[in-house]
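See below for the structure under consideration.
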Amino acid sequence: MDSTGRRGPLILWAATLVLLIRNIGAADIYLEWSVSLDSTIHPVNVSIPVITVNGMFPGPLLNTTTNDNVQINIFNNMDEPLLMTWNGIQQRLNSWQDGVSGTNCPIQSGTSWTYNFQMKDQIGSFFYFPSTRFQKAAGGYGPIRINNRNLILIPFAKPEAEYDLLIGDWYSIPYKAGREIVGDRFGLGLPTAILMNGKAPYTMGLPSESFDVAQGKTYRLRISNVGSALSLNFRIQNHQMVLVETEGSYPNQITLDSLDVHVGQSYSVLVTANQSVGDYYMVASPTQVNSSSSPRTLGVGVLHYAGSTTPPNGPLPVGPNQLDRDFSVNQAKSIRWNMTAGAARPNPQGTFNVTNVTLTQTFVLHGSKVAADFRYLYTVNNVSYMTPPTPLKLADYYVNGSGVYQLDAFPVDSIKAVSAVETSVVTGIHKGWIEIVFKNDLDVMDSWHLDGFGFYVVGFGDGEWSSASRESYNLFDPVVRSTVQVYPGGWSAVYAFLDNPGMWNLRSQHLANWYLGQEIYVRVFDPDPNPAKERPPPQNLLLCGMFESGAPTPLPQPSSGASVPSPQPSRPCTKEECQRNSGGYFHHGSEIHCMLQVFMSCIVIAKFCLRDLGY
């Protein structure tokens, strides 16, 4: 304090002014969404239920600007519980709104719940989708835009218009049937088609996607891979693309003939209509997989020039060889952060530089699968995640996790000797730098996503990772995003600064992998009770599991990194409980999977076997 005693009030006034300035122009957005099953929409002429939002497939655009406050009241008009997650939205200090099984109780059928969150200090292209019960395979997804505020310029000229393009694989079986067989020996096989904005390929003669352009004008395409399994290569006949945005980051602009978009990833490209007036094919085809047995597994749309009267002609544009891994990896390595471009905040993206950071943690996570009871499970370090009936965030807040999970029992840098089915929760050190190495022990592509953060993609490599692999890292200008691809037999490495307290999902974006256990949760804890550090539970908090009859007074929280009391042995869920809750062995309540959960749990808690196997 200075001699006048006024330094404290001045600091408070200055901090308040900064907050006011940063929120100038922030809007309050109120939306009502009804999520339903619709059997009248047939994207590929096969009658299967499609999940719609307000009767739309894909769902409506969530169009926002940095720091907008969003309230979305979601009415669940389906016949089973629902959660909606916001892929890439960081939910700053507010993991209560993340919409995954570890943070939220599901919205029960015939009820509604209001998500309330802020697009805090973010820009870019993202998407939303239903996160449990394999529902994403039936749709329910839609695009998210977070636009720049006017006071922060974007590093490219304003385009004539913008289009959202959701590309993804599609299976011609009902999603409920799909979740029953996805873990079987032969699984789901290759998808039937690639959809563009929920529409069939142009080549099938069904309603297809078309974007209108005017000759000489430039357009922004916001592209997201919303599929379940396939990495896709996107290209436009006779047109090049300029890459300008990667999940909220501005990269150094590069010109591309085609772009690999892996499951869960989003990009923005600029396309200039600089060809003769006509119609041109847009194509999304599988990459890093041999789909020769299913040559019609293509997404095809049309870029339509104003004044064109003829359909597209000539062969479809050909991309790189499907199995050309060098092309894909080299393209990934060429996507680098523009260190001088603006960001959501009024400072350059390069404010954080990772060349000299001190790592506080390293996770080495092996993704693989194991056989269990005539089915496959997907694992992380040989542990398949089991979803408890009580969301982790609820248990963490009210009982320090006791009875639901044991903190740090999961091996973060080694493979468990014997495969297990457990609820894996690990400590992420608050305001520490973490290195996460994703090792793909599968023979197909994978991709990984971290809720709550953007991470720096510092390296790709083949074979096993070791500390010597760091010599190949790009620490100068690695791009920041929230989903990274991992090539078969290879590894991908990322850095993240864990400044966002909460319970955060770290998962495979491949739907079968995630659904069958390839995920963990990272608990980032700040012991400061100040709500400015992490928001308290929302007033409309849903309760379920052990808190279904009401919530107790929260217990004192342990400090960051301190161990949470071990859960006491408890019986596996009964069939009725499995069917009522969305937790359990396979994220849903079918009887066969409840039996599997009980069987696996009985290995650990033998005294309940006879009673709980009495189906």
Side-chain angles (χ1 to χ4, degrees), residues 31-62 72-87 99-101 104-115 127-144 166-182 188 191-200 206-207 209 224 226-229 387 511-512 514-515 542 544 578-584 586-594:
L31 299 170
E32 296 277 345
W33 286 2
S34 177
V35 180
S36 307
L37 279 174
D38 191 324
S39 296
T40 67
I41 300 173
H42 308 146
V44 291
N45 252 3
V46 178
S47 181
I48 60 172
V50 173
I51 298 176
T52 63
V53 181
N54 288 352
M56 300 169 58
F57 172 62
L61 167 66
L62 177 53
I72 305 178
N73 184 41
I74 292 184
F75 185 83
N76 180 9
N77 199 35
M78 303 207 321
D79 59 358
E80 61 181 14
L82 168 75
L83 278 174
M84 192 71 76
T85 194
W86 319 91
N87 199 69
V100 289
S101 65
N104 296 86
C105 295
I107 307 169
Q108 296 296 325
S109 178
T111 68
S112 69
W113 193 70
T114 301
Y115 289 90
F127 63 96
Y128 59 86
F129 65 91
S131 66
T132 59
R133 296 172 170 257
F134 213 66
Q135 291 167 350
K136 185 187 177 204
Y141 46 72
I144 300 174
L166 305 183
I167 57 178
D169 48 61
W170 186 257
Y171 291 90
S172 293
I173 58 174
Y175 77 95
K176 290 182 181 179
R179 71 189 182 195
E180 294 292 337
I181 66 174
V182 66
L188 297 175
T192 305
I194 309 298
L195 303 185
M196 289 187 172
N197 286 343
K199 298 176 182 176
L206 299 171
E209 187 56 279
S224 295
V226 297
S228 300
T387 303
L511 187 57
W514 183 17
Y515 183 69
L542 295 176
C544 57
C578 279
Q579 291 171 336
R580 184 174 67 249
N581 297 301
S582 63
F586 281 96
H587 297 255
H588 68 93
S590 71
E591 182 171 338
I592 182 65
H593 292 149
C594 285

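Counting begins at 1 with the first residue of the sequence. Small disclaimer: the values here were computed from a predicted structure and weren't measured. Below, each value reflects all heavy atoms present in this structure, side chains not excepted, and no hydrogens, waters or symmetry copies.
- With a 4.5 Å cut-off on side-chain heavy atoms, F57 and P43 count as touching.
- Contact record, P130 with Q135: CB-OE1, 3.6 Å, taken as the closest heavy-atom pair.
- I74 is listed as a side-chain neighbour of V35, based on a closest heavy-atom distance under 4.5 Å.
- For the pair D38 (side chain) and T40 (backbone), a donor-acceptor distance under 3.5 Å is present.
- The stretch residues 75-86 participates, sequence neighbours left out, in these salt bridge (charged side-chain N to carboxylate O under 4.0 Å, His left out) pairs: D79-K176, E80-R133, E80-R179.
- Remark: the backbone N or O of I194 is not paired with any side-chain donor or acceptor of D169 at under 3.5 angstrom.
- Residue C544 comes nearest to P106 through the heavy atom pair SG-CD, 4.3 Å, listed as atom of the first residue, atom of the second, then distance.
- Side-chain atoms of E209 do not come within 3.5 Å of backbone N or O of A200 as any donor-acceptor pair.
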>> Under the criterion side-chain contact (heavy atoms from CB on, under 4.5 Å), I'd like the reasoning laid out for N45 against L206: C-alpha separation, chi angles, the key distance, then a yes or no.
In response: CA-CA 8 Å; N45 252 3; L206 299 171; 3.7 Å; yes
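- T114 pairs by the side chain to side chain donor-acceptor pair (under 3.5 Å) definition with N73, not counting sequence neighbours.
- When all heavy atoms of V44 and A193 are compared, the pair lying nearest together is CG1-CB, 3.8 Å.
- In this structure, W33 has its ring center closer than 6.0 angstrom to the ring center of Y128.
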> What's the verdict on side-chain contact (heavy atoms from CB on, under 4.5 Å) for I173 and I48, showing C-alpha distance, side-chain angles and the deciding distance?
Replying inline: CA-CA 6 Å; I173 58 174; I48 60 172; 5.6 Å; no
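- In this structure, the side chains of V182 and L511 stay at 4.5 Å or more apart for every pair of heavy atoms.
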>> Is there a side-chain hydrogen bond (donor to acceptor under 3.5 Å, both in side chains) between T192 and S172? Walk through the geometry before answering.
In response: CA-CA 6 Å; T192 305; S172 293; 3.0 Å; yes
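- Rounding to the nearest 0.5 angstrom, the gap separating the CE atom in M56 from the CD1 atom in I51 is 15.5 Å.
- Taking OG of S34 as the reference point, atom CG of N77 lies at 4.5 Å (rounded to 0.5 Å).
- Annotation: the span from N197 atom CG to L166 atom CG amounts to 5.0 Å, rounded to 0.5 Å.
- Taking all atoms of both residues into account, the shortest heavy-atom contact from K136 to G227 is NZ-O, 2.9 Å.
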>> Please evaluate residues W170 and Y141 with respect to the criterion ring-ring contact (aromatic ring centres under 6.0 Å, His included), reporting the C-alpha separation (whole Å), side-chain torsions for both, the decisive distance (0.1 Å), and the verdict.
In response: CA-CA 13 Å; W170 186 257; Y141 46 72; 7.4 Å; no
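- What you find for V53 and G140 is that their closest heavy atoms are CG2-O, 4.0 Å.
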>> Working note: V100 + L83, criterion side-chain contact (heavy atoms from CB on, under 4.5 Å); need CA distance, chi angles, decisive distance, verdict.
In response: CA-CA 6 Å; V100 289; L83 278 174; 5.7 Å; no
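- Taking OG1 from T132 and CG from L82, the interatomic distance works out to 6.5 Å, rounded to the nearest 0.5 Å.
- Distance CE/M84 to OG/S131: 8.5 Å, rounded to 0.5 Å.
- Listed for the S109 side chain is a donor-acceptor partner under 3.5 Å among the backbone atoms of M78.
- When every heavy atom of A229 is checked against every heavy atom of Y171, the shortest pair comes out as CB-OH, 4.0 Å.
- Side-chain contact check for L62 versus I72: some heavy-atom pair is nearer than 4.5 Å.
- A heavy-atom distance below 4.5 Å is found between the side chains of I41 and T52.
- For N76, the side chain to side chain donor-acceptor pair (under 3.5 Å) criterion is met by no residue, not counting sequence neighbours.
- If you take CH2 on W113 and CD1 on I107, they are separated by 7.0 Å, rounding to the nearest 0.5 Å.
- Side-chain contact check for L37 versus V50: every heavy-atom pair is 4.5 Å or farther apart.
- Ring geometry for W86 against Y115 counts as perpendicular: the plane angle is over 60°, on a 0 to 90° scale with 30° as the lower cut.
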